[in-house]
Amino acid sequence: MALYSEKVMDHFLHPRNVGIIEDANAIGEVGNAKCGDIMKMYLKIEDDIVQDVKFETFGCGSAIASSSMATELIKGQPLDEVRKLTNKAVAEALDGLPDYKMHCSVLAEEAIQSALEDYSKRTGRAV
């Protein structure tokens, strides 16, 4: 059995939504001191919908794949759905991650939650 699924490899080799949104109104950044991975998520939210999302990730292939998949899962979604996104949903969408790489999907969830907290601070609205 391969260590990584085809989806993990695809999102690692061809990540979606990489980059910066200059006029983002929600930015979240998290890191894992143990493995050294850092994720930054940029969201452009309009009318309570994630209109655009981009990421920058410094980390392993699983971290990049998790970031990429997480952006795909939330793009175009209402905030009520976005805040429900879990690391388990990210890992499942990637057809699984090795147990010792599950922290990468946790970082993706945390980066999005951090961005939603930033949006709440900027707008004064609870998400």
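Quick note: numbers below take in every heavy atom, side chains included, and nothing from hydrogens, waters or symmetry partners.
Nearest heavy atom pair, residue A63 against residue M39, reads O-CE, 3.4 Å.
Remark: E117 pairs with no residue by the side-chain contact (heavy atoms from CB on, under 4.5 Å) rule, at least two apart or across chains.
With hydrogens and angles ignored, the 3.5 Å screen pairs a side-chain donor or acceptor of S66 with a backbone N or O of S62. A donor-acceptor pair under 3.5 Å is formed between the side chain of N25 and the backbone N or O of I45. Judged by distance alone, the side chain of S120 and the main-chain N or O of R125 form a donor-acceptor pair under 3.5 Å.
More than 12 non-hydrogen atoms from other residues, nucleotides or ligands lie less than 6.0 angstrom from CG of D23. No more than 12 heavy atoms of other residues, nucleotides or ligands sit less than 6.0 Å from atom CD of E6.
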Does M41 form a side-chain contact (heavy atoms from CB on, under 4.5 Å) with T71? I'd like the steps, not just the answer.
CA-CA 8 Å; M41 294 275 179; T71 63; 3.9 Å; yes
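Of the charged side-chain nitrogens involved, at least one lies within less than 4.0 Å of a carboxylate oxygen, so that R122 and D118 count as a salt-bridged pair.
In this structure, NZ in K84 is found 14.5 Å from CG in L73, a value given to the nearest 0.5 Å. From N17, atom CG reaches atom CE of M69 across 11.0 Å, with rounding to the nearest 0.5 Å. The distance from atom OH of Y119 to atom CG of L79, rounded to the nearest 0.5 Å, is 6.0 Å. S68 contributes atom OG, which lies 11.5 Å from atom CZ of F12 (distance to the nearest 0.5 angstrom). Residue L85 holds its CG atom at 13.0 Å from NZ of K88, rounded to the nearest 0.5 Å.
Within the 4.5 Å cutoff, side-chain heavy atoms of R83 are placed close to those of D80. Within the 4.5 Å cutoff, the side chain of V30 has no heavy atoms near those of the I38 side chain. Side-chain contact check for L116 versus V82: some heavy-atom pair is nearer than 4.5 Å.
I49 is not connected to I74 by any chain of hydrophobic side-chain contacts under 4.5 Å among Ile, Leu, Val, Met, Phe, Trp and Tyr, and they are in different clusters. Taking hydrophobic clusters as Ile, Leu, Val, Met, Phe, Trp and Tyr residues chained together by side-chain heavy-atom distances below 4.5 Å, I64 shares a cluster with V18.
With D52 as the fixed residue, the salt bridge (Lys or Arg N to Asp or Glu O under 4.0 Å) test singles out one of R16, K44, K75: K75.
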Identify every side-chain donor-acceptor pair in residues 89-109 under 3.5 Å, counting partners at least two apart or on other chains, and give the distances.
{"from": "H103", "atom 1": "ND1", "to": "Y100", "atom 2": "O", "distance (Å)": "3.2"}
{"from": "S105", "atom 1": "OG", "to": "N87", "atom 2": "ND2", "distance (Å)": "3.3"}
{"from": "S105", "atom 1": "OG", "to": "M102", "atom 2": "O", "distance (Å)": "2.7"}
{"from": "E109", "atom 1": "OE1", "to": "N87", "atom 2": "N", "distance (Å)": "2.7"}

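A donor-acceptor contact under 3.5 angstrom links the side chains of Y42 and E56, judged on distance only.
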